[in-house]
2 protein chains.
Amino acid sequence: MAGRGVTIADVAARAGVAASTVSYVLSGKRSISPETADRVMAAVADLGYHPHAGARSLASRRAGVVAMMLPLRDGMHLPVLMQFASGAVTEARRHDQDVLLMTADEGPAGLARVAASAIVDGLILMDVEVRDPRVEALRRLGLPSVLIGFPADAEGLTCVDLDFEAAGRVCARYLVDRGCDDIALLGASEAVYARRTGFAERVREGFLHRAGPRAEVWPCPDDPASVQRTVKELLTSKPELAGIAVHNEPAVGHVMHALADAGKRVGEDFHVVVIGPDEVAERTHPQLPSVLVPAETLAETAVRHLMRKLDGLDVPESTLIEPQLTLR
Amino acid sequence: MAGRGVTIADVAARAGVAASTVSYVLSGKRSISPETADRVMAAVADLGYHPHAGARSLASRRAGVVAMMLPLRDGMHLPVLMQFASGAVTEARRHDQDVLLMTADEGPAGLARVAASAIVDGLILMDVEVRDPRVEALRRLGLPSVLIGFPADAEGLTCVDLDFEAAGRVCARYLVDRGCDDIALLGASEAVYARRTGFAERVREGFLHRAGPRAEVWPCPDDPASVQRTVKELLTSKPELAGIAVHNEPAVGHVMHALADAGKRVGEDFHVVVIGPDEVAERTHPQLPSVLVPAETLAETAVRHLMRKLDGLDVPESTLIEPQLTLR
DNA sequence: CTTGGTCATCGAAGCGCTTCGACAGAGCTC
DNA sequence: GAGCTCTGTCGAAGCGCTTCGATGACCAAG
């Protein structure tokens, strides 16, 4: 069936038209009579014709492929990345595009390569950091792109991310709604802030904004001992503390232990809410409510924005995805 | 710098040679004098030239891209998939190839599409099942490919997978070496067997082969209650039981609880070894030794085999990766 | 000195597609 | 019924590369 090397000429011959007519039927760029179009489509189906991607890209200067650069090396939470990749591919296919997978370690040179070789039409850059050398390269290359995350200078770029400030607000509200007056946000470790300033601050602002005057924010390292100590100090300094939001993935388990040690019964006389992946919140006992990074939604939004850019439409420079609180 | 649209003609002009000469310098397919080659390479560097992927693919009938079809939808352990993807991209880049990401839900039609459009030269199919419609499509299309996993009829295909029989042996040996006489393998739930018969049996055979006559294999569902019951029955039926291997990811945590309830102190008077991802074995207390699916190695091997096939070299039809036991 | 053989390079053809301009024929208008 | 404008279709050019055959330069052998 779908023979090797069915060309547009074969389709044209079978339908009794010129190759250009086949092209126009397929692209819809000129009006074609319904009868001709039907015959062409029938020939396409009969022969199992698919345009040669290289030829198409050469002639039309559109590859039909977008690149996705993921930080595969370290750091990011693997399942989240996978969800992201999955969402991006699915959405891209809806637009008849394929997705080329790149790793962040190819860096700016990798971007230059794909741009110059015209192997992709555009690019989605995952996990953008505040000072990211790739961003500068992107500007220079003029390759249409969408970033996940916000670099220091986002001027002229299209960025998508979770609305972390809203996430902070949502967590505060969750605790307040449960009658907690004294609450705290247990923040991330220094390492995280170092890489991506901004997003931690935004959580904190959202949290404080929505919480009462007796809310506090405590930074927190993530090794067991430090968490234990931090929680103990926190409880001592605020004896009325009734709820905390944890924005520090690796610390969540330790926090739960520390609270148990202090005699707090989470879910009853004490409330905890997590900002992080589902797995983290599900692994505790009891399971915790959480606000997660909505990887699929981010990916879909990013792809959709990129498609619009490729079509010459405009898109907002900055898009913030509304956080969702999952109760458990 | 890397201007938009630097062509081979630009490079040729700058180096004072014909375009074909540039091509030959770059591909090494004809001998070129060192002086000329140097001049050409200098021009390439100066102009930031990268060949147009589409043009190259059209002229040479080689896209320089391989597809990787992942089961993004469900089932498989996400982190493992991600490691796999990462390993594949890294290895592919070493061979100057890019990787196109596809999802398994495109099915046979997706394979037909990428084959006919010549967008990729070859394909890596992840998580192949015993009866997999994609395998048939693959045969029909004649697209060079490497499968991860073994379908029912692997004749003429190139397959790579973990050597599950060896994994079973390794686990048995671990327990035997620790002086356990009575040991058991706690197997997977029915659902897993239904999809991919074969690999569970192989673990079992390896286990029994290496273990003493008093070893047993117990199948086990993975909900908490069933695990609890299964473990209890197991301990009753074999009072001398001193170690078990668990080949059932979701059950591991429950097994540990059941053992604790029964008064067994794992790591001291009782031994447990896991066949599964690192995360599963690290999440328990104490952490357990485990044999993991070596995703990166599998990916690298698969890509390497595919490259050889694309170069017309031959590769073994079946490759089994040696399992590694990680002590903790 | 011819002849034959390498070696390094060139020019042209062609890969399969899109796109542009051209052009018949149909349907208007006046 | 002459002059329009539209519509639907065709043919040819050209996208940037690889590859094949040809060619000149040079050298060794006869």
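Each chain gets a letter, A, B and so on, in the order the sequences are listed, and its residues count up from 1.
Comparing A/A19 and A/R30, the nucleotide of DNA chain C nearest to each residue sits closer to the 5' end for A/A19. Residue-to-nucleotide proximity on DNA chain D shows that, of A/S33 and A/A59, the 5′-proximal contact is made by A/S33. When the nearest nucleotides of DNA chain C are assigned to B/A18 and A/V22 by heavy-atom distance, the more 5′-ward of the two goes with B/A18.
Put simply, CD1 on A/I32 is 13 Å from P on D/dT7, counting in whole angstrom units. For B/L58 and D/dT19, the CG to P distance is 12 Å, given to the nearest whole Å. Atom CG in B/D121 sits about 15 Å away from atom C1' in C/dC15, given to the nearest Å. Remark: P of D/dG16 and CD1 of B/I8 are 11 Å apart, rounded to the nearest angstrom. Between B/R39 atom CZ and C/dA8 atom P there is a gap of 14 Å when expressed in whole angstrom units. Rounded to a whole Å, the NE2 atom of B/H52 is 13 Å from the P atom of C/dT18. Rounded to a whole Å, the CZ atom of B/R62 is 16 Å from the C1' atom of C/dC15.
Regarding contacts with the backbone of D/dT18, a side-chain N or O of B/S23 is found under 4.0 angstrom from either OP1 or OP2. Between B/S60 and D/dC17, a side-chain N or O to OP1/OP2 separation shorter than 4.0 Å is absent. Of the side-chain N and O atoms in A/S57, none sit less than 4.0 angstrom from OP1 or OP2 of D/dC15.
Nearest to the side chain of A/T7, among C/dC15, D/dG8, C/dC17, sits C/dC17. Listed nucleotides C/dT18, D/dT18, C/dG16 differ in distance to A/R56; the shortest reach to its side chain belongs to C/dT18. Across C/dG16, C/dA8, D/dT19, the shortest atom-to-atom separation from the side chain of B/S20 is found for D/dT19. Distances from the side chain of B/K29 to the nucleotides C/dT18, D/dT19, D/dG16 place D/dT19 closest.
In summary, the side chains of A/H52 and B/S117 do not present any donor paired with an acceptor at a separation below 3.5 Å, with no hydrogens or angles considered.
Across all strands, A/R61 comes closer than 4.0 Å only to sugar-phosphate atoms, never to a base (heavy-atom distances).
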Please test B/S23 against B/S20 for side chain to side chain donor-acceptor pair (under 3.5 Å), starting from the C-alpha separation and ending with a verdict.
-> CA-CA 5 Å; B/S23 178; B/S20 52; over 6 Å; no
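Applying the 3.5 Å distance criterion, the base of C/dC17 shares no donor-acceptor pair with the side chain of A/Y24.
Remark: A/E91 engages A/R94 in a salt bridge, criterion side-chain N to carboxylate O under 4.0 Å. Ion pairing of A/E106 with A/R113 is present here, as a side-chain N (NZ or NE/NH1/NH2) and a carboxylate O approach within less than 4.0 Å.
Between the side chain of B/K309 and the backbone N or O of B/S145 there is at least one donor-acceptor pair closer than 3.5 Å.
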